[in-house]
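What follows is a set of notes on a single structure, which appears directly below.
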There are 2 protein chains.
Amino acid sequence: MARIEDVARAAGVSTATVSRAMRGLPNVSEATRLTVSRVAAELGYVVSRSASTLASGRTRTVAVVAPFMERWFFAQVIGAVEAVLRAQNFDALLIGLTQPTDGKREQFEPDSLRGRADAVVVLTLPLTGHELDEVRRLALPTVYVGSSVPGAMSVRIDDVAAARLATDHLLQLGHTKIAYVGGEPEQRLNFTAPADRRAGWMASLAAAGVEACAAYQVPGQFTAAGGLDAGRALLALKDPPTAVFAASDEMAFGVLAAAREAGVLVPDQLSVIGIDGHELSELFGLSTVEQPVARQGALAAELALAALGGDPSHLHDHIVVDVRLVPRMSTGPAPRTRGRRTAVTRS
Amino acid sequence: MARIEDVARAAGVSTATVSRAMRGLPNVSEATRLTVSRVAAELGYVVSRSASTLASGRTRTVAVVAPFMERWFFAQVIGAVEAVLRAQNFDALLIGLTQPTDGKREQFEPDSLRGRADAVVVLTLPLTGHELDEVRRLALPTVYVGSSVPGAMSVRIDDVAAARLATDHLLQLGHTKIAYVGGEPEQRLNFTAPADRRAGWMASLAAAGVEACAAYQVPGQFTAAGGLDAGRALLALKDPPTAVFAASDEMAFGVLAAAREAGVLVPDQLSVIGIDGHELSELFGLSTVEQPVARQGALAAELALAALGGDPSHLHDHIVVDVRLVPRMSTGPAPRTRGRRTAVTRS
DNA sequence: TACTTTCCTGCAAGCGCTTGCAGTCACGGG
DNA sequence: CCCGTGACTGCAAGCGCTTGCAGGAAAGTA
């Protein structure tokens with residue numbers, strides 16, 4: 001393939017000039033720039049990323065670190081990040097942290113990013129303190145999505161407020177037996193979403209003078225399958241809740257399925273609300289607290305690029321985007337009857 | 001950061017030996033290898049990817065090209081590809097082809113991959129002939145997922161057979177008014193899934209002696225929203241179908257929503273089946289033709305790695321993975337009554 | 001006219017690895 | 001005792017760009 005030298009020779013200038021012309025640096029005359037880019041195009045010249053990186057120290061690559069990129073939220077965010085990066089001719093290097101079967105998450109090796117990325121976008125990830133330190137030590141612009149870490153940038157929603165919004169909605173409908181389906185109790189340093197959402201649920205209940213029964217607190221792994229299990233467990237209780245607040249729409253779908261399975265009518269006998277604004281929540285009539293998912297990804301990418309562009313003004317931004325309650329048919333007034341519910345079996 | 005020279009000096013060997021030792025090449029004594037790796041670890045030495053790439057011409061990177069990485073199928077595949085690559089210490093470079101608002105897909109520039117990836121995995125993508133040629137010209141191992149291209153490797157399902165399977169299922173239930181919700185009629189060279197699935201549908205009907213009514217053929221953009229529109233259109237017909245075969249589960253969800261919206265009972269008045277095996281299809285009782293999505297991604301990555309490993313035996317593999325029919329509650333016997341259906345409104 | 005400035009451009013020294021080729025050393029066979 | 005063999009290791013020439021510095025021409029100033 002054509003090298004910069006070929007272009008230089010063909011254009012009758014030095015490689016230095018070609019380099020500068022190709023990158024739009026200011027100290028190149030317009031005439032020269034035109035010649036160079038024409039010649040480059042003719043020769044099909046493409047700058048060698050590795051050579052350019054080696055020489056300049058810049059990679060034009062942003063690492064996107066995410067667990068479970070299969071999940072809706074992550075896929076949306078990654079898509080948005082990638083789009084913004086691509087528009088600026090930056091590359092997105094995907095770093096997935098798949099959970100091996102032994103249950104322990106694969107160790108994240110921030111060191112391996114050294115020299116491979118100019119910035120890092122970390123999606124809601126239960127990092128250990130050690131890992132956080134390592135990321136910090138990389139000294140790369142870093143932006144967290146879905147959680148905030150001191151000293152880095154972040155984009156997120158107010159999880160506590162979002163959870164309160166959802167729970168308040170249920171309270172206003174007259175519910176008092178409100179369950180929470182969330183993540184693992186595990187407390188990783190910056191994996192605050194599950195804890196925060198639970199906190200919001202508790203705060204909301206407390207403000208209404210309702211007791212947060214421990215049995216109404218069920219883990220759902222943030223997956224639909226987990227939500228299904230959680231829903232089953234809740235509906236099997238002696239005194240089942242009349243409403244469920246799931247910390248994600250995917251878990252809420254699981255709860256809906258559990259209800260259908262048990263012949264429990266939604267929303268007549270059970271109200272369900274989630275958080276996310278999942279594409280399918282509208283179709284399935286799931287009430288939810290919608291968050292701007294793609295926008296968070298785009299913002300994260302923009303923050304990273306701004307930092308790379310040398311703009312230091314956002315280096316400590318902690319952007320909190322707004323959420324909004326979207327009531328749909330999965331939430332309704334609390335049932336009047338106080339007695340045991342009768343399971344109604346369909347089909 | 002530590003350079004290879006620092007390690008060499010500290011270990012008392014040449015950089016050449018360090019380089020070989022770090023990569024596990026055979027011609028290094030075990031003792032030396034141990035010393036080198038110990039010293040490297042102590043110094044926190046990390047090989048510079050760019051220098052190594054520049055010198056060797058190998059990038060240890062596989063480009064993953066995908067449209068809409070937000071969609072379920074793509075997210076799953078990408079996740080699987082990434083996991084396999086990471087396990088072999090390869091990087092996944094995400095190349096998204098977002099559709100700009102003007103409707104035309106962003107031009108894919110295979111040339112830009114030159115020198116940035118050792119192999120390419122292309123996910124079901126409506127490439128133009130020109131783009132296909134360019135990819136071919138890259139002379140990199142290329143594997144297509146979801147479609148096959150002559151001269152490259154591929155992993156896919158038999159779309160025609162999958163569609164027949166779905167349609168046959170409906171026929172066996174006694175349906176004859178079977179609609180097809182698919183993609184755009186647009187015929188891109190290797191974007192054969194929509195056409196193939198439609199062909200399967202037609203073949204199945206033909207084999208059963210049932211006419212494939214043109215009005216029963218509706219585009220659904222392969223999205224839930226598109227499926228909703230399609231479902232609405234079908235249900236608004238003078239003579240609506242009693243069954244719908246959607247070319248993807250996401251579209252099928254849309255059809256289900258349309259039915260609910262119209263008060264049409266599933267499966268009593270309308271049967272719906274999709275293709276995919278979407279995570280939520282089980283929860284929502286959607287009958288489907290399940291395909292091993294993650295496995296296709298993993299296979300694709302493995303093919304790419306095998307080719308990079310110098311194994312030429314798979315260079316022209318066209319792997320076709322099996323699908324299986326998973327009947328659920330969204331499909332049932334065709335309604336007996338031949339007259340107009342009465343819309344039943346719930347809630 | 002002589003001297004700054006301003007603008008462009010070229011020189012050449014790297015950036016940090018990889019690898020073909022040429023040793024070096026210890027051994028065993030002739 | 002000499003030499004062929006293996007098994008390692010080191011030399012040094014790149015890989016294809018970027019960039020600090022210096023040179024040279026054109027334009028402005030005195």
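Just so it is clear: chains get the letters A, B, ... in the order the sequence lines come, proteins before strands, and each one is counted from 1.
- Scored by the side-chain contact (heavy atoms from CB on, under 4.5 Å) test, B:Val13 finds B:Ala11, B:Thr17, B:Val18, B:Thr32, B:Val36 as partners (sequence neighbours excluded).
- Contact between the side-chain N/O atoms of A:Thr15 and the OP1/OP2 oxygens of D:dC17 is not found at any separation under 4.0 Å.
- Within the 4.0 angstrom heavy-atom criterion, no nucleotide atom of any strand lies near A:Arg49.
- For A:Ser29 and C:dT9, the shortest distance from a side-chain N or O to OP1 or OP2 is below 4.0 Å.
- Listed pair B:Ser52 / C:dC17 fails the phosphate criterion, with no side-chain N or O lying under 4.0 Å from OP1 or OP2.
- Dashed line: the shortest gap from a side-chain N or O of B:Arg23 to OP1 or OP2 of C:dT18 is under 4.0 Å.
- Residue A:Thr32 is classed as a sugar-phosphate contact, given heavy-atom separations below 4.0 Å to backbone atoms only.
- OP1 or OP2 of D:dT19 has at least one side-chain nitrogen or oxygen of A:Arg58 nearer than 4.0 Å.
- If you take CD1 of A:Ile4 and P of C:dG10, they are 12 Å apart, rounded to a whole angstrom.
- A salt bridge links A:Arg49 to A:Asp91: one of the charged nitrogens lies within less than 4.0 Å of a carboxylate oxygen.
- Residues satisfying the side-chain contact (heavy atoms from CB on, under 4.5 Å) test with A:Ala307, not counting sequence neighbours, are A:Pro141, A:Met153, A:Leu315.
- Within 4.0 Å (heavy atoms only), B:Thr53 reaches no atom of the nucleic acid at all.
- Under a cutoff of 6.0 Å and an axis angle of 45°, A:Arg71 and A:Phe68 form a cation-pi pair.
- Residue B:Arg295 qualifies as open at atom CZ: its count of foreign heavy atoms under 6.0 Å is 12 or below.
- The phosphate of C:dT18 (OP1 or OP2) has a side-chain N or O of B:Ser19 nearer than 4.0 angstrom.
- Between the axis at the start and the axis at the end of the helix from C:dT1-D:dA30 to C:dG30-D:dC1 there is an angle of 50°, using five pairs per end and rounding to 10 degrees.
- Contact annotation: B:Arg9 does not reach the phosphate of D:dG10 (side-chain N/O to OP1 or OP2, under 4.0 Å).
- C:dC8 atom P lies 12 Å from atom CG of A:Leu25, rounded to whole Å.
- Phosphate proximity of C:dG10 to A:Thr17: present, with a side-chain N or O under 4.0 Å from OP1 or OP2.
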